[in-house]
Amino acid sequence: MRQKKKPDALHVNKIRCILAIIVSAVLCALTFLGVCMQLLDDPNPEIQEVGWKSYHLFTILSNMLMAAAAAMCIPYAVDGLRNHNYHLPRWYVDLMFTGTVGVAVTFLVAVVVLSPAAGFYRVMIWKNNLYLHTICPLLSILLFFFVNSDHRIKFRSTFIAVIPVTAYALVYLVMVFVIGEDAGGWRDHYQIQTIADHLPLPVILLVMCGISFGLAALLRIVHNAIHSRRKADLERYYQTADAFSGPDIRAAIKALAEADRLHDTDGELIVPRRILNMMEKKYKSGLAAGELCRRYVSAYYREETGEDVYER
């Protein structure tokens, strides 16, 4: 039996780009639908936070933040399909990390705390809870894990990722316990008073922040593990693929530039610095990143001029 050929890293990256576009679009659409349903719903004895009071709910705020991050992912993925060099800036990876932590906290609270009290169907499936408590958080986590990123998430980013959770917890405690509903504050819709009968509010705040930080740390570990494996596969491809092999780094750069020029339909030159660095690990020429980029640009435009643009 003929063994099926394993898809190369470029093909896998292309599939990831397509999936990123689809998942991000679905995530944005379902979040919009879920938020609109909450805004237009009628109050009931259990849920009175409808209309503009919907924004009192962490579920609404966390899903909106993640939807905004997912929307920004789409142009990067489209660009990755166009130029075969999918790249996300570090600030955006941290933003997606922050959004994912928020909806992950929402999912965890819904499953562990709210479902046992109000019922799994009521919390996880009924009306817009299906979108905001279940589908969107799960899609967000998958998007965060498998989105094409060449950045490892740093440990300090874990502290940044829990800022929205901490800020919301502080605002909630002030609006509920300091101001109070009668004076224009919020209703205790998360029933924190029941817990406060047994634990001081500062302890409750520390526990909430601690759980969020632990969840963020776990998400970071999984993301970085997947990232390391994906990056290793991509490096192996550019170091072993016959299309980009040569007796030296100059020949490899020339082959890469020629391949990129064939795919360039818009006349936009994007220098793949990180890919050049991957190639350099194989040839160990000692050339600096700037020199690698210079040679790439030179090889890229050689066909148009008939000579090396940097040697004229």
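The figures here come from the full heavy-atom set of this structure, side chains too, leaving out hydrogens, waters and symmetry mates. Quick caveat, the model's predicted, so the values are computed rather than measured.
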Distance col, row W91:CH2 vs H151:NE2, nearest 0.5 angstrom, shows 11.0 Å
Exercise for the section: Would you mind reporting whether I179 and W186 have side-chain heavy atoms less than 4.5 Å apart? Expected result: no
Closest heavy-atom pair, A169 versus L205, reported as atoms and distance to 0.1 Å, is CB-CD1, 3.5 Å
Exercise. Begin with the C-alpha distance, continue with both residues' side-chain angles, and end with the deciding distance and a verdict on side chain to side chain contact (heavy atoms under 4.5 Å, CB included) for E235 and K231.
Key: CA-CA 6 Å; E235 286 188 352; K231 186 175 181 179; 3.7 Å; yes
- prompt: Do I135 and L57 share a hydrophobic cluster, counting only Ile, Leu, Val, Met, Phe, Trp and Tyr and linking them when any side-chain heavy atoms are less than 4.5 Å apart?
  reply: yes
Practice item. Answer yes or no: does atom NZ of K282 have more than 12 heavy-atom neighbours from other residues, nucleotides or ligands under 6.0 Å? Key: yes
ask   = Is there a side-chain contact between L276 and I253 (heavy atoms, below 4.5 Å)?
value = yes
Value for CG (L39) from CE (M37), rounded to nearest 0.5 Å, stands at 11.5 Å
Would you say CE of M64 has more than 12 non-hydrogen atoms from neighbouring residues, nucleotides or ligands within 6.0 angstrom?
no
Requested in this report: Side-chain contact test, heavy atoms from C-beta onward, threshold under 4.5 Å: evaluate it for F32 versus C28 and give yes or no.
Outcome: no
Closest non-hydrogen atoms of T98 and A161, given as atom of the first, atom of the second and distance, are OG1-CA, 3.5 Å
| field | Short side-chain to backbone donor-acceptor contact, D188 and Q193, under 3.5 Å | value | yes
Q) Judged by modelled atom types alone, do T31 and N63 share a side-chain donor-acceptor pair under 3.5 Å? A) no
**Message:** Less than 3.5 Å apart, any donor N or O on the side chain of R152 or H227 sitting next to an acceptor on the other?
**Reply:** no
Notebook entry, point to check: Looking at side-chain heavy atoms only, is the closest gap between L95 and M72 below 4.5 Å?
Noted result: yes
*Linking I/L/V/M/F/W/Y whenever their side-chain heavy atoms sit closer than 4.5 Å, directly or via other members, would I226 and I15 fall into one cluster?*
no
Donor-acceptor contact below 3.5 Å, side chain S140 vs main chain T100
no
Tightest non-hydrogen contact, residues D41 and K127, listed as OD1-NZ, 3.4 Å
- Task: Check whether any side-chain heavy atom of V26 sits under 4.5 Å from a side-chain heavy atom of L139, and report yes or no.
- Result: yes
Exercise. Determine, using the 4.5 Å side-chain heavy-atom cutoff (strictly less than), whether V103 and I163 are members of one ILVMFWY cluster.
Key: no
Going by atom type alone, with no hydrogens or angles, which donor-acceptor pairs under 3.5 Å involve a side-chain atom of residues 104-120 and a protein atom two or more places apart or on another chain?
from, atom 1, to, atom 2, distance (Å)
T106, OG1, S62, OG, 3.0
T106, OG1, G102, O, 3.2
S115, OG, A110, O, 2.7

Please confirm whether the backbone N or O of A69 pairs with a side-chain atom of Y92, one donor and one acceptor, at under 3.5 Å? yes
May I ask you to test the L292-R273 pair for a side-chain heavy-atom distance under 4.5 Å?
no
Rounded to the nearest 0.5 Å, the CE atom of M96 sits from the CG atom of L65 at a distance of 10.5 Å
Any donor-acceptor pair under 3.5 Å from N128 side chain to L33 backbone:
no
(Q) For a 4.5 angstrom cut-off between non-hydrogen side-chain atoms, does L201 reach I204? (A) yes
For S54 and Q38, the nearest pair of non-hydrogen atoms, with its separation, is OG-CG, 3.2 Å
Next on the checklist: Hydrophobic clustering (ILVMFWY, side-chain heavy atoms < 4.5 Å, transitive) - are V203 and V178 grouped together?
Outcome noted: yes
Distance col, row C73:SG vs L88:CG, nearest 0.5 angstrom, shows 6.0 Å
**Asked** Would a distance-only check, ignoring hydrogens and angles, find a side-chain to backbone donor-acceptor pair under 3.5 Å from K53 to V50?
**Response** no
Stepwise side chain to side chain contact (heavy atoms under 4.5 Å, CB included) check, R220 with F155: CA-CA 8 Å; R220 171 181 173 269; F155 178 71; 3.9 Å; yes
- Message: Between D233 and R230, does any NZ, NE, NH1 or NH2 come within less than 4.0 Å of an OD or OE carboxylate oxygen?
- Response: no
Check the orientation of Y296 and Y300. Use parallel for under 30°, tilted for 30 to 60°, and perpendicular for over 60°. tilted
Shortest non-hydrogen pair, L27 vs C136, comes out as CD1-O, 3.4 Å
Open item on the list: Test side chain to side chain contact (heavy atoms under 4.5 Å, CB included) on I153 and V93; report intermediate values, then the result.
Closed with: CA-CA 8 Å; I153 294 179; V93 177; 4.0 Å; yes
**Message:** Treating R16 as the side-chain partner and F146 as the backbone partner, does any N or O pair qualify as donor plus acceptor under 3.5 Å?
**Reply:** yes
(Q) Between S24 and L143, is the side chain to side chain contact (heavy atoms under 4.5 Å, CB included) condition met? List the steps. (A) CA-CA 8 Å; S24 296; L143 181 65; 3.6 Å; yes
Here the pair of heavy atoms bringing P137 nearest to Y131 is CD-O, 3.6 Å
Mind checking whether Y190 and H56 have ring centres under 6.0 Å apart?
no
Do L138 and L219 belong together in a cluster built from hydrophobic side chains that touch within less than 4.5 Å? yes
| Which word best sums up how the rings of Y172 and H189 line up, parallel for under 30°, tilted for 30 to 60°, or perpendicular for over 60°? | perpendicular
Donor-acceptor pair, distance only, cut-off 3.5 Å: does the side chain of E49 make one with the backbone of Y55?
no
